[in-house]
Protein chains: 2
Amino acid sequence: MEEAIDLETLCQQKGLRMTDQRRTIAAVLSKAKDHPDIEEIHRRAALRDSRISLATVYRTMNLMEELGLVDRHEFGDGRARFEAAPDAHHDHIINVETGEIVEFVDPELEILQRQIAERLGYRLVDHRVELFAVRLNQDE
Amino acid sequence: MEEAIDLETLCQQKGLRMTDQRRTIAAVLSKAKDHPDIEEIHRRAALRDSRISLATVYRTMNLMEELGLVDRHEFGDGRARFEAAPDAHHDHIINVETGEIVEFVDPELEILQRQIAERLGYRLVDHRVELFAVRLNQDE
DNA sequence: CTAGCTGCAAATTCTTTGCTACTAT
DNA sequence: ATAGTAGCAAAGAATTTGCAGCTAG
């Protein structure tokens, strides 16, 4: 039973100056259940407050990413997509037929990756797993 | 004891018209042991034949990728990197301190990913694993 | 021959940045 | 007050494309 992440509060805790624009963008990301790109974030933010420029969205996303408040994804379509940093790490399955993105967590996968890195003499600091797949049955 | 992949032969088998430019680019990729970006491929190709334009490198890489002859990677630095499609699939560890990229294969990881996809109702068609890491000891 | 390829330069797309005015603290 | 922020428009960086001439098969 988790509430949407309160990104605005996290921003304040990080000492960010809270402008109306940042509040709006934080709200958009907090309630987003998908992985919107910059244009889409801007579109949604503009619905709440039309005084928000694309440049501000770019700057805000870079800022929040550096602070670890949002995750940036590059799913291979040429633009960055974002999501509020989840409490727990997860990976993604991309349905190559529909573009739909499904999140999943697999502890075994997490452990295995750490082991692989260590076996090769590395300490894992981050990782990315993207599974490109199609639905099993033909029920769409 | 594998020889470098003969990309030129593969191109011909796919029915590609073999121009000097494509031959040169194929040779560059065949002998590359790293993951060069477009500029780097162009630079190396130009050493062999200065009549090659950037546009042709872009077009050729798109073509070869569509034919499955090369793999495209997006390691998060904003530009695409390429490698001749390997005989066997492998994944990558990116040393976040040096930018060095190490390839690895882990059958267990391959199997686990397929299982995860199936468990969620998908059939895996492709996947990407990137481990961002630092060297364990301070011996560099 | 001629469909396909190339170089060049212009165009696109995504993202960053300089600058001046504004505002949260 | 004042350091940080916003908007705008221009600049950048990576990639694609229109076109006229060249070339592999």
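Note: hydrogens, waters and symmetry copies are ignored here, and every other heavy atom, side chains too, is used. Chain naming here is simple, since letters A, B, ... match the order of the sequence lines and numbering starts at 1 in each.
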**Study point:** Interatomic distance, B:M61 CE vs C:dT6 P [rounded to whole Å]
**Key:** 13 Å
Study note, to complete from the structure: For A:D91, the salt bridge (Lys or Arg N to Asp or Glu O under 4.0 Å) test, sequence neighbours excluded, returns none
**Study point:** Nearest-Å distance for atom pair CG/C1', residues A:L63 and D:dA6
**Key:** 13 Å
Study note, to complete from the structure: Across all chains, not counting sequence neighbours, the side-chain hydrogen bond (donor to acceptor under 3.5 Å, both in side chains) partners of A:E118 are none
Review point. If you link I, L, V, M, F, W and Y whenever their side-chain heavy atoms are under 4.5 Å apart, who else ends up in the same group as B:I111?
Key: none
Exercise for review: Tell me which residues in residues 11-20 of chain B put a heavy atom below 4.0 Å from DNA chain D, sorted by number, or none.
Suggested key: B:R17, B:M18
Exercise for review: Go through the structure and list residues passing salt bridge (Lys or Arg N to Asp or Glu O under 4.0 Å) with A:D106, not counting sequence neighbours.
Suggested key: B:R119
Check your understanding: To the nearest Å, how far apart are A:H42 NE2 and C:dC14 C1'?
Key -> 14 Å
Anything under 3.5 Å between a protein N or O and an N or O of nucleotides 13-19 of chain D, put it in a table, one pair a line.
| residue | atom | partner | partner atom | Å |
| --- | --- | --- | --- | --- |
| D:dT15 | OP1 | B:A80 | N | 3.0 |
| D:dT15 | OP2 | B:Y58 | OH | 3.0 |
| D:dT16 | OP2 | B:N62 | ND2 | 3.0 |
| D:dG18 | O6 | B:R59 | NH1 | 3.4 |

Point to revise | Pairs involving residues 32-42 of chain B, ordered by first then second residue, that meet salt bridge (Lys or Arg N to Asp or Glu O under 4.0 Å) (sequence neighbours left out) | key: B:D34-B:R44, B:D37-B:R79, B:E40-B:R43, B:E40-B:R44
Review point. Any donor-acceptor pair under 3.5 Å linking the side chain of B:H73 with the backbone of B:H35?
Key: no
Check your understanding: Under the 4.5 Å side-chain heavy-atom rule for ILVMFWY, direct or indirect, which residues accompany B:F132?
Key -> A:V125, B:F75, B:I94, B:V96, B:I101, B:V134
Point to revise | Of all pairs that satisfy salt bridge (Lys or Arg N to Asp or Glu O under 4.0 Å), the ones with a partner from residues 58-70 of chain A, not counting sequence neighbours | key: A:E65-A:R72
Point to revise | Value in whole Å for how far the P atom of C:dT23 lies from CZ of A:R22 | key: 14 Å
